[in-house]
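Scroll down for the structure; my scribbles are underneath it.
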Amino acid sequence: MENYNLNNFSPSDLIFLYLDGEASEIERTLLFNSLAGDEALQLELQDAISMKYATAKEAEDIVPATALTNSLFGTLGISTIANVTSQTMEVSSLLKYIDLMKTPIMLVINSLLVGGLLTYSAMRLNTPAETDIANKKITSIKSSLEENYISKNLENSLKQVLPKTTNRINEIRQNINSSKKTNQQVFVGTSDSIRDINHYVEYQTKDKGIALKLTNGAIQNKVNGSRPIDNMPNIIKDNRAIDNMPNINNDSFTLGKLPNKYFSNNPLDPKQYFSEPLPIMTNKIVDIDSPKETTKEDEILNIQDKVSDYSLKLNGINNLVYIANSNNAVISNKRFDNLQITALYKINENSNIGLTFGNEIFPIYIKQNNEFVLTNNLVYFGAVYNWNIFEIEYAGKIRSNFNFIFAATQTSSINKTGMELTWFPDKKLGLFMGIEAFTNVSNYRGALEFSGKTNLYYGITYNF
Amino acid sequence: MSIEIDELNKFLNTMEFKKLTDIELTALLSGKEEDAKSAFTEIYSRYSKKVYIYCKKSIPNQNFSDDIYQDTFVKFYNAGRAGKQIDNLNSYIFRIARNLILNFKRDNNQEFIDLEEFHLVTISNQLQEKELANLINDAMELLIDEHREAFIMQAYQEMSYNEIAEALEVPITTIRNRIVRAKRKLKEILSPYLESRKV
């Protein structure tokens, strides 16, 4: 440094060299000598210090965005960047949660779920369905029949009465319809001597479907007329009829255990009235008039297998083929790092609508702080329409669907159209697999860009 | 060389990449893929900020500077994997970035800004630190390319004149001249505003 030509640099210039730590000994001496008697030069030194401090301070705050680093490492196929993220900006909390979902422990849990489902399905398939229903019939009715009058007649009664009660059921249905508005349902007892039943009550709930409860003329209700529900238990109890009330719970249907002396076969027993609340969710009337009315017993016995209109799907996605555009020509080599969850509501026999949320490996540009940063993490949330093409009975049920998705992403939108096959070994649980076309429309520096890929997807669905 | 590689592998096993020198890390780039990725990760952690600042300050458009920033490391990694002899890592990475920036400017035909058309806007007479930094950024546009790049390397990346000379492959005296002239020019442009601070 001692050999530098000093002729080029004025004392003002030497200030810069000095502050940069690049001034030679001679230059420093020259500068200090000049500074000693030159006030203007001292002010110049202050200015130079201010400029130097301003640039150094600004440099401290300039770091590459995490997404930019992730994008670069993704391009190079390097996944572990933990030791470089300390220099970069924080990732969004949403992406943190998504990363959590992809941790090895979550993959193990998912595997266990799928394994459990397969085992359960296999067990279900090994149990003949007919035997199952027959067992239900015996356990739910026989056990209570042994102890009272009904036991001698009920099985025959059920077979005989159900077809005969068409007119009576129509009458009840009219009552139901007329009482819907008041949320109260009135059932009228009968004294028809032809039938072996004096009273029957039809309960209907959203969850369980229709249960037909039969009593055999045992309710000695002395009170005529419709009764508010609040008074109902006492009325029944006072008339010693409560013991004979059939009991319906989640998984069984049992008849009452009233002693024989309380049963009456008197066909002249007067009409008796009582009221029952109409469940708020009631919206179905089972058509007992139809030729299928003889399956009413099955309806009763299969209450527990009823499913609602809501279902949930969880699936993984494998990227098969990327269709890149000019801007995201650098594509990810990741194939398995995708997740999607979908909630569906059945709007009719063949259609479902719902919402979906997913995260897939797909190169997009995200605008951050007025910058477009390439990332492979596409997150979307949108609407789903699911259309059942056909359904066949084989090892349970196999259903074929079209699946349409339109969703918003961090940048703009995606479209997914897929076709899938779902196997329901059980009414509630199903396994599905399908292929879908994925198209992405993104805003890249003010221009719309199209790109896409094809996916293989698979997962489990649960009907609530 | 094989002995050195064995020693380096010991470091790899204990995940002590940070203890490796630039030369050792560079040597690993052409080896096993996993080693190369780990070595690159460490190199990136050392140089990413400097390269990023250099690109950002050289190309005002954030989108383009990000592209160049990424391309710099992609080219570097590919060159390392291909067994390119890299003696000075710092210089090598900056030369890649510099070439990409020069190519970009050539292809995009950047216009020269005339001093008479240049106006700096200040919010107040009492310039704050952030304002001054912004003014310097704006004023840098008026520097010729050679002066600006030397200034960026020195002022924002705190590279020594010697390191800059190596990176740009020019004598150190040239770098001294470029940096001093750059700062002299900047001070001249900013002098009205610097004066206002003293009022």
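Order of the sequence lines sets the chain letters (A, B, ...), proteins ahead of strands, with each chain counted from 1. From a predicted model like this one, the values you see are computed outputs, not experimental measurements.
Electrostatic pairing of B:K183 and A:D20 counts as a salt bridge here, judged by a charged N lying under 4.0 Å from a carboxylate O. Using a 4.0 Å cut-off between charged side-chain N and carboxylate O, B:K49 and A:E60 make no salt bridge.
Evaluation of the ring pair (Phe, Tyr, Trp, His ring centres under 6.0 Å) test over residues 164-189 of chain B, restricted to residues two or more places apart or in two chains, returns none. Sequence neighbours left out, the pairs with a member in residues 161-171 of chain B that pass salt bridge (Lys or Arg N to Asp or Glu O under 4.0 Å) are B:R95-B:E169.
Counting non-hydrogen atoms of neighbouring residues, nucleotides and ligands closer than 6.0 angstrom, the CG atom of B:L102 exceeds 12 such neighbours.
Taking all atoms of both residues into account, the shortest heavy-atom contact from A:E22 to B:R176 is O-NH1, 2.8 Å. The minimum heavy-atom distance between A:L76 and B:K37, with the atom names listed, is O-CE, 4.4 Å.
For B:Y161, the parts sitting under 4.5 Å from any heavy atom of chain A are the backbone and the side chain alike. Residue contact with chain A, scored on non-hydrogen atoms closer than 4.5 Å, involves the side chain of B:K57 exclusively. Neither the backbone nor the side chain of B:S65 comes within less than 4.5 Å of any heavy atom in chain A. Looking at B:N137, the atoms closer than 4.5 Å to chain A (heavy atoms on both sides) all sit in the side chain, from C-beta outward.
The aromatic rings of B:F40 and A:F73 sit tilted relative to each other, their planes meeting at an angle between 30° and 60°.
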